[in-house]
Amino acid sequence: MSEPATTLICPYCGYDLRTLTTDACPECGGAVDEQSLIAAHVPWEARHQIGTVRALWRTAWRVTWKTKAFCHAVARPVDYAAARRFQLITVTALWVSLVVAALVVLALNGEWDLQDMAEDYGPLRLWLGLGLGAAGLYVFLLLGTGLHTYWLHPRRLDVERQNRAIALGYYACGPLLLALPMLWTLTAAFVIRMFALELEREWVAVFAQALFLICLFGLLLMPIAFVFVCSSMACNAAGRGSLGRASLTLGQPAALALLACFTVLGLPAFVGYAWLIAVTW
């Protein structure tokens, strides 16, 4: 199988470096060495040069909107440990944001008063249930963002190429990282709306409600973008044909739903059942 065409891109400004004749980018003057060229498609591998935060967001953006070009990095060695670190940071940031958003909603929504729930179920049971649900969510995010890599190592590829494709696959969670600003804005809009209603600022409440719905719509598109990126990676990084790509597109959501049943729902249910048996034994 022929290697994908490689376009060398400056990790600082994105300038095309295929005609580079010096050790510096002719566009921005940034130093360009072998590591920079490797990181042309994976900015995260140049995080020590361009900064961790900048590399994190630039990689997420490139994975989401330039997936095919990003997959050209499979022609070079890919740092597996760096890819897993990117996945871990993304999952942790998303999990913390979701937990904080859920707690804010629980604290401000009058229909779900935490104090009343604690009186009904007991403080220990309430916080144990919430804690187990949060733990199950983290396990689901961690496993779910790597589930698709099982489609990225067809046997017809050599082991080195398979390993590169798998490593690239862990960057597919990039769309979930881009969802964070929308999640933060959605939470802020919810808080603003609640206080605006209390202060009888109708126009502020309407604006916050509109912003909330817009962010919610965008947030719901990110999991779809994640599945699309995984499918594109199967095609461009692992060389999967239409059948393999279709099996991933159809099988991944089903596998994720099954995984959610065992983690987000199954873990709290299992511990709760064990707790009930221990108490009534």
Show me the donor-acceptor pairs, under 3.5 Å and distance only, between side chains in residues 175-187 and residues at least two apart or in other chains.
{"residue": "Trp184", "atom": "NE1", "partner": "Ser97", "partner atom": "OG", "Å": "2.9"}
{"residue": "Thr185", "atom": "OG1", "partner": "Pro181", "partner atom": "O", "Å": "2.7"}
{"residue": "Thr187", "atom": "OG1", "partner": "Leu183", "partner atom": "O", "Å": "2.9"}

Heavy-atom neighbours of Phe228 CZ exceed 12 at 6.0 Å: no

Partner set under ring pair (Phe, Tyr, Trp, His ring centres under 6.0 Å) for Tyr80, not counting sequence neighbours: Tyr170

Interatomic spacing from CG in Leu248 to CG in Leu243 - rounded to 0.5 Å: 11.5 Å

Smallest separation among heavy atoms of Gly174 and Thr64, with atom names: C-OG1, 3.7 Å

Contact check, side chains of Leu141 and Thr92, non-hydrogen atoms, under 4.5 Å: no

Residue pairs, two or more places apart or on separate chains, that pass ring pair (Phe, Tyr, Trp, His ring centres under 6.0 Å) and touch residues 135-169: Trp95-Tyr138, His148-Phe226

Residue pair Trp57, Trp61: steps toward the ring pair (Phe, Tyr, Trp, His ring centres under 6.0 Å) verdict: CA-CA 6 Å; Trp57 290 105; Trp61 182 268; over 10 Å; no

By side chain to side chain contact (heavy atoms under 4.5 Å, CB included) - contacts of Val206 (at least two apart): none

Residues which pass ring pair (Phe, Tyr, Trp, His ring centres under 6.0 Å) with Phe86, listed by chain and number, not counting sequence neighbours: Trp44, Tyr171

Partners meeting side-chain hydrogen bond (donor to acceptor under 3.5 Å, both in side chains) with Arg240 (sequence neighbours left out): none

Residues forming a side-chain hydrogen bond (donor to acceptor under 3.5 Å, both in side chains) with Thr149, sequence neighbours excluded: none

CD1 on Ile166 to CG on Leu157, rounded to 0.5 Å: 10.0 Å

Results of side-chain hydrogen bond (donor to acceptor under 3.5 Å, both in side chains) for Ser231 - residues two or more places apart only: Arg245, Thr249

Residues in side chain to side chain contact (heavy atoms under 4.5 Å, CB included) contact with Leu213, at least two apart in sequence or another chain: Gln209

Nonpolar side-chain network containing Ile192, other nodes, edges under 4.5 Å: Trp203, Val204

Heavy-atom closest contact (Ala167 atom, Ala83 atom, distance): O-CB, 3.2 Å

Side chain to side chain contact (heavy atoms under 4.5 Å, CB included) involving Val139 - partner list, sequence neighbours excluded: Leu143, Thr263

Value rounded to 0.5 Å, distance of CE in Met233 from CG in Leu152: 8.0 Å

Single-linkage hydrophobic cluster, 4.5 Å side-chain cutoff, Leu199 and Leu211 together: no

Leu88 CG to Thr145 OG1 distance, which is reported to the nearest 0.5 Å: 9.0 Å

Leu147/Leu256 under side-chain contact (heavy atoms from CB on, under 4.5 Å): CA gap, chis, key distance, verdict: CA-CA 8 Å; Leu147 190 64; Leu256 288 174; 4.0 Å; yes

Test item: Glu45 side-chain N/O and Val78 main-chain N/O as donor-acceptor pair under 3.5 Å: no

Thr67 to Ser232 - nearest heavy-atom pair and separation: CG2-OG, 3.5 Å

Closest non-hydrogen atom pair between Gln252 and Cys230, with its separation: NE2-SG, 3.5 Å

With sequence neighbours excluded, residues passing side-chain hydrogen bond (donor to acceptor under 3.5 Å, both in side chains) with Glu202: none

Worked verdict on Gln87 versus Val91 for side-chain contact (heavy atoms from CB on, under 4.5 Å): CA-CA 6 Å; Gln87 179 210 19; Val91 166; 4.3 Å; yes

Distance (rounded to the nearest 0.5 Å) between Leu94 CG and Leu137 CG: 7.5 Å

Residue pair Arg58, Arg62: steps toward the side-chain contact (heavy atoms from CB on, under 4.5 Å) verdict: CA-CA 6 Å; Arg58 182 171 291 183; Arg62 186 167 179 78; 5.5 Å; no

Minimal non-hydrogen separation, Leu197 against Ala205, with atom names: CD2-CB, 3.8 Å

Leu250 reachable from Val229 in the ILVMFWY side-chain graph, under 4.5 Å edges: no

Phe190 reachable from Leu216 in the ILVMFWY side-chain graph, under 4.5 Å edges: yes

Shared hydrophobic cluster, Ile214 / Val105 (ILVMFWY, side-chain heavy atoms < 4.5 Å): no

Test side-chain contact (heavy atoms from CB on, under 4.5 Å) applied to Arg47 and Arg85, step by step: CA-CA 12 Å; Arg47 59 192 179 279; Arg85 192 174 296 113; 2.8 Å; yes

Contact summary for Ala172 and Val63, nearest pair of heavy atoms: CA-CG1, 4.0 Å

Rounded distance (nearest 0.5 Å) linking atom CD1 of Ile89 with atom OG1 of Thr59: 10.5 Å

